[in-house]
Amino acid sequence: MAEKVRESAAEKKADAEERDNDKKLVYTDDQVKKAVDLINEQGYVTKKDIPEMDDDDWSKGFADKIDDVFKASDKDPYIYYEKFDFAGGEIDTFIWNMDVIKTRDDALKKLADVLGKKIVR
């Protein structure tokens, strides 16, 4: 009987993950424009600027949208997306121009500073 409960819980988890993978990710022109402008001005964008970046799947696709805009322009920054771990098990995403913020470590420090997080080493 207990085994069936575990199987049922595993099935429920798999179903939830499948639903999450199927969710429609929507990016507005205003969000993309704001992110592109911020990357041009300060070199990065965070969930502090675009709250939807709190969702990892959304952020990953958002980085692609931002990169597409730059590819279609005369500017060609190296746009990078990464998830970083912080104290307390928090994970946040960061999208930045590697021509401005040169290393992952510098990006981690910048994100920690902007969001007021403590870096775990």
Side-chain angles (χ1 to χ4, degrees):
M1 181 75 169
E3 189 172 319
K4 180 66 176 165
V5 171
R6 277 189 230 119
E7 182 179 335
S8 178
E11 288 172 353
K12 286 180 184 177
K13 182 179 179 186
D15 289 345
E17 288 174 356
E18 186 176 358
R19 277 192 307 276
D20 287 347
N21 289 337
D22 291 339
K23 68 184 169 186
K24 179 88 169 126
L25 302 176
V26 178
Y27 310 97
T28 68
D29 291 342
D30 288 342
Q31 289 168 322
V32 174
K33 181 184 180 328
K34 180 178 181 179
V36 167
D37 289 346
L38 286 167
I39 290 171
N40 281 329
E41 292 168 17
Q42 63 189 17
Y44 64 88
V45 61
T46 73
K47 71 178 183 182
K48 192 172 180 181
D49 307 302
I50 309 282
E52 291 82 0
M53 284 182 61
D54 199 34
D55 179 295
D56 178 48
D57 291 331
W58 191 91
S59 294
K60 194 171 200 173
F62 192 49
D64 290 338
K65 294 287 185 187
I66 293 166
D67 197 36
D68 289 346
V69 169
F70 281 115
K71 286 178 182 174
S73 74
D74 60 346
K75 295 184 180 183
D76 191 24
Y78 183 52
I79 302 301
Y80 201 80
Y81 159 85
E82 180 111 14
K83 295 187 298 186
F84 290 107
D85 297 319
F86 294 99
E90 293 184 53
I91 299 173
D92 284 293
T93 60
F94 196 46
I95 300 170
W96 77 97
N97 177 351
M98 285 196 86
D99 296 328
V100 175
I101 300 172
K102 305 282 185 187
T103 68
R104 289 181 66 252
D105 194 55
D106 289 344
L108 171 63
K109 289 173 187 172
K110 175 56 84 175
L111 183 59
D113 183 51
V114 169
L115 298 181
K117 305 274 179 141
K118 183 176 179 189
I119 297 172
V120 178
R121 296 276 182 193

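- When hydrophobic clusters are built by joining Ile, Leu, Val, Met, Phe, Trp and Tyr residues whose side-chain heavy atoms come closer than 4.5 Å, directly or via intermediates, Leu38 is not grouped with Tyr80.
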**Message:** Under the criterion side chain to side chain donor-acceptor pair (under 3.5 Å), I'd like the reasoning laid out for Ser59 against Asp56: C-alpha separation, chi angles, the key distance, then a yes or no.
**Reply:** CA-CA 5 Å; Ser59 294; Asp56 178 48; 5.8 Å; no
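- Evaluation of the side-chain hydrogen bond (donor to acceptor under 3.5 Å, both in side chains) rule for Gln42 yields no partner, not counting sequence neighbours.
- If you take CG on Asp92 and CD on Glu90, they are separated by 6.5 Å, rounding to the nearest 0.5 Å.
- Taking the six-membered ring for Trp and the full ring otherwise, the centers of Tyr44 and Phe94 sit less than 6.0 Å from each other.
- Of all heavy-atom pairs spanning Ile66 and Ala35, the tightest one is CD1-CB, 3.5 Å.
- For the atom pair CG (Leu108) and OG1 (Thr103), the distance works out to 9.0 Å, reported to the nearest 0.5 Å.
- Atoms CD1 and CD1, on Ile79 and Ile39 in that order, are 4.5 Å from each other to the nearest 0.5 Å.
- Closest approach of Thr93 to Lys83, counting heavy atoms only: CG2-CG, 3.8 Å.
- Here the two rings, on Trp58 and Tyr27, have centers that are under 6.0 Å apart.
- Hydrophobic clustering keeps Tyr78 apart from Val32 (ILVMFWY residues linked when any side-chain heavy atoms are closer than 4.5 Å, directly or through intermediates).
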**Asked** Are Asp105 and Lys109 close enough, and set up right, to give a salt bridge (Lys or Arg N to Asp or Glu O under 4.0 Å), and what steps lead you there?
**Response** CA-CA 6 Å; Asp105 194 55; Lys109 289 173 187 172; 3.0 Å; yes
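- Across all non-hydrogen atoms, the minimal contact from Trp96 to Glu82 is CZ3-CB, 3.7 Å.
- Two residues are said to be in side-chain contact when any heavy atoms from C-beta on lie closer than 4.5 Å; Lys48 and Leu115 meet this criterion.
- Residues Phe62 and Ile95 have side chains in contact (heavy-atom distance under 4.5 Å, counting atoms from C-beta outward).
- Clustering ILVMFWY residues whenever any of their side-chain heavy atoms sit less than 4.5 angstrom apart, transitively, puts Val36 in a cluster other than the one holding Val114.
- Using a 4.5 Å heavy-atom cutoff, the side chains of Lys24 and Val26 are in contact.
- The shortest non-hydrogen separation linking Asp99 to Pro77 is OD2-CA, 3.4 Å.
- Annotation: side chain of Phe84 is not in contact with side chain of Lys117 (no heavy-atom distance under 4.5 Å).
- No side-chain heavy atom of Ile101 sits less than 4.5 Å from a side-chain heavy atom of Asn97.
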**Asked** Can Ile119 and Phe86 be said to form a side-chain contact (heavy atoms from CB on, under 4.5 Å), step by step?
**Response** CA-CA 5 Å; Ile119 297 172; Phe86 294 99; 4.3 Å; yes
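- For residues 58-69, the set of pairs meeting the salt bridge (charged side-chain N to carboxylate O under 4.0 Å, His left out) definition, not counting sequence neighbours, comprises Asp67-Lys71.
- Of all the heavy atoms in Ile50 and Val45, the pair that sits closest is CG1-CG2, 3.7 Å.
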**Request:** Under the salt bridge (Lys or Arg N to Asp or Glu O under 4.0 Å) rule, what do Asp49 and Lys34 come out as? Steps first, then yes or no, please.
**Result:** CA-CA 8 Å; Asp49 307 302; Lys34 180 178 181 179; 5.8 Å; no
**Prompt:** side-chain contact (heavy atoms from CB on, under 4.5 Å) between Lys75 and Asn40: does it pass, once the steps are laid out?
**Reply:** CA-CA 10 Å; Lys75 295 184 180 183; Asn40 281 329; 3.5 Å; yes
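- One hydrophobic cluster, built from ILVMFWY side chains closer than 4.5 Å, cannot hold both Phe70 and Met98; they sit in different ones.
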